[in-house]
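Just so you know, these numbers come straight off a predicted model, no measurement behind them. When reading the values below, keep in mind they use all heavy atoms of this one structure, side chains included, and skip hydrogens, waters and symmetry mates.
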Amino acid sequence: MSQQQNITDVLMVGATGSIGRLAVAAAQRHGLRPHALVRDVRRAERLLPGVELVQGDLEDPASLRGAVSGVDALVLTHGSGGDPDTRRRVDYGGVRNLLQALDGARLRVALMTSIYATRSDIPGNSPWKRRSERLLRASGLPYTIVRPGWFDHAGPTQRRLVLEQGGTADGGIARDQIAETLIRSLLTSTALGKTFELIATEGEEQSDWAGLFDALKSEAHGSVDGVLDPADLPVEAEPQAVRADLDAVRSLRRAGG
């Protein structure tokens with residue numbers, strides 16, 4: 001597949017959420033055709049008028065097979081915001097189920113996780129978003145992983161984007177900037193194979209997206225971790241079920257060529 005893949009149809013996961021709705025609008029602005037994965041079609045019709053809706057549930061793998069058919073890319077902005085078990089089932093399990101539904105098809109993926117994805121020192125933080133990132137990297141799909149800072153914890157004059165790596169960044173970002181970054185990453189070859197934290201600081205927003213992404217370090221081939229991620233959650237120490245999921249995703253990669 002060309003690194004500058006021709007993308008027209010995009011499955012938006014988490015499309016009715018606050019970031020998801022903005023990502024749908026950003027996709028439309030850039031000439032893409034968004035397909036919104038939704039559980040409740042009637043509610044989604046009110047929130048996303050005129051957008052093609054695809055009924056499915058991240059916790060129901062069978063419902064996802066048709067949803068991923070006929071699209072060129074996935075934008076994942078879903079998030080449970082719940083207890084650790086809900087995060088396991090939705091934040092992590094949703095990514096696992098989507099990758100399995102692809103059955104080896106090679107789509108471009110933009111995944112939104114969290115600025116604290118690798119932070120074990122944050123009280124109440126859970127490793128499930130980090131584990132979802134690992135699944136995506138193990139899949140071998142062309143991807144970008146965006147770890148946004150605190151939603152809306154940036155003033156109106158703080159529009160200058162800061163992309164960092166290593167898991168130590170902290171700060172806020174506007175929701176529309178998160179959505180724009182996700183869609184831009186699909187359309188910019190220099191964003192491929194990169195994971196970064198995203199915040200905003202004082203100043204005007206940049207327009208050179210290729211340059212912003214190009215300044216980042218790429219993930220090593222075959223690595224399941226971000227390029228500068230802390231080594232405090234070794235894969236060999238993960239629960240057996242998590243390691244089995246990684247193996248299953250790698251098998252799908254081999255089967256898909």
Side-chain angles (χ1 to χ4, degrees), residues 14 19 58 76-100 109-151 153 161-173 178 181-182 185 191-201 213 215-253:
I19 307 297
L58 287 175
L76 312 181
T77 62
H78 67 290
S80 65
D83 57 83
D85 185 62
T86 306
R87 293 176 183 178
R88 175 188 62 81
R89 291 186 290 104
V90 178
D91 297 3
Y92 170 83
V95 173
R96 178 197 60 213
N97 292 342
L98 280 164
L99 293 174
Q100 291 175 344
V109 184
L111 170 64
M112 181 186 82
T113 59
S114 166
I115 198 168
Y116 288 162
T118 62
R119 295 285 297 274
S120 58
D121 60 324
I122 302 297
N125 200 25
S126 97
W128 290 110
K129 285 187 181 293
R130 183 176 187 177
R131 288 167 174 158
S132 73
E133 293 182 1
R134 284 176 161 177
L135 286 178
L136 179 54
R137 295 188 192 99
S139 74
L141 295 174
Y143 69 86
T144 305
I145 298 172
V146 181
R147 298 169 172 169
W150 293 92
F151 298 172
H153 282 230
L161 296 171
V162 178
L163 282 58
E164 296 189 4
Q165 295 174 301
T168 60
D170 208 350
I173 184 77
I178 302 169
T181 301
L182 287 163
S185 78
L192 282 165
K194 295 177 179 178
T195 300
F196 56 91
E197 292 82 47
L198 176 69
I199 60 174
T201 190
F213 295 131
L216 299 167
K217 295 180 182 295
S218 298
E219 257 85 83
H221 179 71
S223 174
V224 296
D225 286 311
V227 63
L228 297 176
D229 284 355
D232 58 354
L233 187 66
V235 171
E236 55 270 22
E238 287 278 52
Q240 193 278 330
V242 172
R243 287 182 279 123
D245 286 340
L246 284 168
D247 288 341
V249 166
R250 291 188 183 105
S251 295
L252 288 171
R253 173 184 180 176

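Side-chain atoms of Glu197 never come within 3.5 Å of backbone atoms of Leu163 as a donor-acceptor pair (strictly under, hydrogens ignored). Not a single donor-acceptor pair under 3.5 Å links the side chain of Asn125 to the backbone N or O of Ser120. A donor-acceptor pair under 3.5 Å is absent between the side-chain atoms of Ser223 and the main chain of Ala220, judged by distance alone.
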- Task: Would you please test Leu246 and Leu135 for side-chain contact (heavy atoms from CB on, under 4.5 Å) and show each step?
- Result: CA-CA 6 Å; Leu246 284 168; Leu135 286 178; 3.9 Å; yes
- Task: Please report the C-alpha distance between Met112 and Leu76 in whole Å, then the side-chain angles of each, then the deciding distance to 0.1 Å, and finally whether the side-chain contact (heavy atoms from CB on, under 4.5 Å) criterion is met.
- Result: CA-CA 6 Å; Met112 181 186 82; Leu76 312 181; over 6 Å; no
- Test side chain to side chain donor-acceptor pair (under 3.5 Å) on Thr118 and Asp229 and set out the steps. CA-CA 7 Å; Thr118 62; Asp229 284 355; 4.7 Å; no
- Item | Verdict with supporting geometry, Phe196 and Thr181, side-chain contact (heavy atoms from CB on, under 4.5 Å) | CA-CA 11 Å; Phe196 56 91; Thr181 301; 3.9 Å; yes
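The minimum heavy-atom distance linking Ala169 with Glu164 is given by the pair CB-OE1, 3.3 Å. Between Thr144 and Ala191, the closest heavy-atom pair is OG1-O, 2.8 Å. Pairing each heavy atom of Leu233 with each of Pro127, the nearest pair is CD2-CB, 4.1 Å.
Glu133 has a carboxylate O that lies under 4.0 Å from a charged side-chain N of Arg147, or vice versa, which qualifies the two as a salt bridge. A salt bridge is defined here as a Lys NZ or Arg NE, NH1 or NH2 lying under 4.0 Å from an Asp or Glu carboxylate O, and Arg137 with Glu219 meets this definition. For the pair Asp245 and Arg250, the salt-bridge criterion is not met [side-chain N within less than 4.0 Å of a carboxylate O].
Under the 4.5 Å side-chain criterion, counting only non-hydrogen atoms from C-beta, Leu136 is in contact with Ile145. By the 4.5 Å heavy-atom criterion applied to side chains, Trp128 and Thr113 are not counted as neighbours. Annotation: side chain of Lys194 is not in contact with side chain of Lys217 (no heavy-atom distance under 4.5 Å). Counting only heavy atoms from C-beta outward, the side chains of Arg131 and Val95 never approach each other to under 4.5 Å. Residues Arg130 and Asp225 have side chains in contact (heavy-atom distance under 4.5 Å, counting atoms from C-beta outward). Contact check for Leu111 versus Ser132: side-chain heavy atoms found under the 4.5 Å cut-off. Side-chain atoms of Val227 and Ser218, non-hydrogen and from C-beta on, never get closer than 4.5 Å to each other.
With values rounded to the nearest 0.5 angstrom, Thr77 atom OG1 is found 7.5 Å from Ile19 atom CD1. If you take CZ on Arg134 and OH on Tyr92, they are separated by 10.0 Å, rounding to the nearest 0.5 Å. Rounded to the nearest 0.5 angstrom, Leu141 CG and Leu192 CG are separated by 11.5 Å. Interatomic distance, Ile199 CD1 to Leu161 CG, rounded to the nearest 0.5 Å: 10.0 Å. The CD1 atom of Ile115 lies 9.5 Å from the CH2 atom of Trp150; values are rounded to the nearest 0.5 Å. Taking NE2 of His153 as the reference point, atom CG of Asp170 lies at 10.5 Å (rounded to 0.5 Å).
Asp91 pairs with exactly one of Arg88, Arg87, Arg89 by the side-chain contact (heavy atoms from CB on, under 4.5 Å) rule, that one being Arg87.
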